[in-house]
2 protein chains.
Amino acid sequence: MAFDKSLLAGSTGMLILKLLSREDMYGYQMIETLATLSDDTFSLKAGTLYPLLHNLEENGLVTCYEAQAGQARVRKYYSITKDGRKALEVKETEWQSFTETVNKVLKGGVSYAY
Amino acid sequence: MAFDKSLLAGSTGMLILKLLSREDMYGYQMIETLATLSDDTFSLKAGTLYPLLHNLEENGLVTCYEAQAGQARVRKYYSITKDGRKALEVKETEWQSFTETVNKVLKGGVSYAY
DNA sequence: TTCGATATATCGATTATCTATATATAGTAT
DNA sequence: ATACTATATATAGATAATCGATATATCGAA
């Protein structure tokens with residue numbers, strides 16, 4: 001990460017759901033897609049992603065199915081559910097409101113009379 | 001918090017340094033100022049702030065001095081250091097780059113050919 | 001004189017990230 | 001063939017940042 005990794009806290013789930021709102025993906029593919037879309041700024045680690053996916057599945061926001069990829073290799077594809085789309089919408093709204101508020105505090109300086 | 005509290009992770013230190021870049025403040029005042037500037041969206045908890053201030057002090061980003069406030073009450077004012085201002089600048093740049101990247105991924109949907 | 005607001009502090013729980021490790025298949029270069 | 005790298009999923013332990021709960025004490029107002 002080029003920045004404090006803790007900045008990512010809370011937004012990773014949103015980003016994953018966003019990817020899945022466009023198409024079904026398997027884990028490794030999500031890592032690579034996120035890296036590409038972010039110009040290699042986000043290098044999400046496997047140790048972060050897989051537990052997160054299992055958690056999203058437990059909470060009914062994604063479902064999982066297996067697909068053959070080669071003779072012996074099986075990939076686990078994830079698909080977003082209706083609840084997942086709702087959760088994504090909520091998270092996106094939260095994110096916009098959060099960043100607006102932070103930027104408001106950051107810019108607040110000049111206009112406040114102390 | 002009106003949103004997932006973990007979104008705040010990593011940005012609280014930046015916000016506190018930002019407040020202190022404008023004027024010296026004591027802890028309780030920072031909590032109230034943040035609430036006011038954010039229209040009560042940020043309700044930073046004392047249990048978060050005081051350890052954070054001690055940590056900033058340990059790292060030389062702020063200094064502390066006491067000031068009388070009443071007969072018996074003493075307030076602990078914090079003042080940002082030169083290193084603190086440098087760290088703030090870095091954190092603000094990080095923050096802008098981070099949010100831009102997240103928004104890029106969020107908007108990325110339509111323009112990508114799969 | 002009591003109660004709520006002000007003011008600082010610490011502790012334990014929770015959560016999200018990371019690194020390291022493990023396992024196995026697929027492809028490529030030597 | 002063989003070895004190395006990339007692909008692919010998974011778990012365990014460490015670290016860091018937040019919270020809620022709790023503690024203590026002063027101040028101001030009803």
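All values below come from the heavy atoms of this structure, side chains included, with hydrogens, waters and symmetry mates left out. Labels below follow one simple rule: chain letters A, B, ... track the order of the sequence lines, proteins then strands, and each chain is numbered from 1.
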Participant: Provide, to the nearest angstrom, the distance between the NZ atom belonging to A/Lys45 and the C1' atom belonging to D/dT15.
Facilitator: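 These atoms are roughly 15 Å apart.
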Participant: Could you state the atom-to-atom distance from CG of B/Leu8 to P of C/dT15 in whole Å?
Facilitator: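 B/Leu8 atom CG is separated from C/dT15 atom P by 17 Å.
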Participant: Sugar-phosphate means primed atoms, P, OP1 and OP2; the rest is base. With that split, encode nucleotides 2-7 of chain C 5' to 3' as B, S or - using protein heavy atoms under 4.0 Å.
Facilitator: ----BB
Participant: Listed by chain and number, what are the ring-ring contact (aromatic ring centres under 6.0 Å, His included) partners of A/Tyr50, not counting sequence neighbours?
Facilitator: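 Expected list: none.
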Participant: Are the side chains of A/Ser79 and A/Leu20 in contact, using a 4.5 Å heavy-atom criterion?
Facilitator: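 Not in contact.
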Participant: How close or far is atom C1' of D/dT18 from atom CD1 of B/Ile16, stated in whole angstroms?
Facilitator: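 One finds 13 Å between C1' of D/dT18 and CD1 of B/Ile16, rounded.
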Participant: Could you pick out which residue, A/Gly70 or A/Thr48, lies toward the 5' side of DNA chain C when each is mapped onto its nearest nucleotide?
Facilitator: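 Residue closer to the 5' terminus by nearest nucleotide: A/Thr48.
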Participant: Tell me the interatomic distance from B/Leu49, atom CG, to C/dT8, atom P, rounded to whole angstroms.
Facilitator: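 Going from B/Leu49 (CG) to C/dT8 (P), I get 9 Å.
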Participant: Reckon B/Thr12 has a side-chain N or O less than 4.0 Å from the OP1 or OP2 of D/dA17?
Facilitator: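 No, no such contact exists.
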Participant: Decide side chain to side chain contact (heavy atoms under 4.5 Å, CB included) for B/Tyr65 and B/Asp24; before the verdict, give the C-alpha distance in whole Å, the side-chain angles of both, and the deciding distance to 0.1 Å.
Facilitator: CA-CA 10 Å; B/Tyr65 59 92; B/Asp24 291 1; 2.6 Å; yes
Participant: So A/Gly10, base contact, sugar-phosphate only, or nothing? Heavy-atom distance under 4.0 Å.
Facilitator: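 The residue A/Gly10 makes sugar-phosphate contact but no base contact.
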Participant: Can you pull out how bent the helix from C/dT1-D/dA30 to C/dT30-D/dA1 is, comparing the axes over its first five and last five pairs, to 10°?
Facilitator: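 What I find for the helix from C/dT1-D/dA30 to C/dT30-D/dA1 is an axis angle of 10°.
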Participant: Whole-Å distance between D/dT26 P and B/Gln71 CD?
Facilitator: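 So the two atoms are 12 Å apart, to the nearest Å.
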Participant: Once you round it to whole Å, what is the distance between P of D/dA10 and CG of A/Asn55?
Facilitator: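 That distance rounds to 14 Å.
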Participant: Closer than 3.5 angstrom, by distance alone: can the side chain of A/Ser38 be matched with the main-chain N or O of A/Leu34 as a donor-acceptor pair?
Facilitator: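 It does hold such a pair.
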Participant: Only counting residues at least two apart or in another chain, list the ones meeting side-chain contact (heavy atoms from CB on, under 4.5 Å) with B/Val90.
Facilitator: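 B/Val90 satisfies side-chain contact (heavy atoms from CB on, under 4.5 Å) with B/Glu94 once adjacent residues are dropped.
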Participant: Within the 4.5 Å heavy-atom criterion, are B/Gln96 and A/Asn103 side-chain neighbours or not?
Facilitator: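 Yes, their side chains come closer than 4.5 Å.
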Participant: With the side chain counted from C-beta on, respond yes when B/Gln29 and B/Tyr77 share a heavy-atom pair under 4.5 Å apart, and no when they do not.
Facilitator: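 A side-chain contact exists here, since the closest heavy-atom pair is under 4.5 Å.
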Participant: Rounded to whole angstrom units, what separation is found between the CG atom of A/Leu52 and the C1' atom of D/dT9?
Facilitator: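 Distance check: A/Leu52 CG to D/dT9 C1' gives 14 Å.
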Participant: For B/His54 and C/dT10, is the shortest distance between a side-chain N/O and OP1 or OP2 below 4.0 Å?
Facilitator: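 So the side chain of B/His54 is within the cut-off, an N or O lying under 4.0 Å from OP1 or OP2 of C/dT10.
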Participant: Send over the distance from A/Leu7 CG to D/dA17 C1', rounded to a whole Å.
Facilitator: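 Answer to the nearest Å: 12 Å.
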Participant: What residue pairs, at least two apart or across chains, pass side chain to side chain donor-acceptor pair (under 3.5 Å) with a residue in residues 53-63 of chain A?
Facilitator: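 Qualifying pairs: A/Asn55-A/Asn59.
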Participant: Got a sec, which residues hit salt bridge (Lys or Arg N to Asp or Glu O under 4.0 Å) with B/Asp39, two or more places apart in sequence or on another chain?
Facilitator: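 Expected list: A/Lys104.
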Participant: Check whether any side-chain N or O of B/Ser6 sits under 4.0 Å from OP1 or OP2 of C/dA16, and answer yes or no.
Facilitator: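 Result: no.
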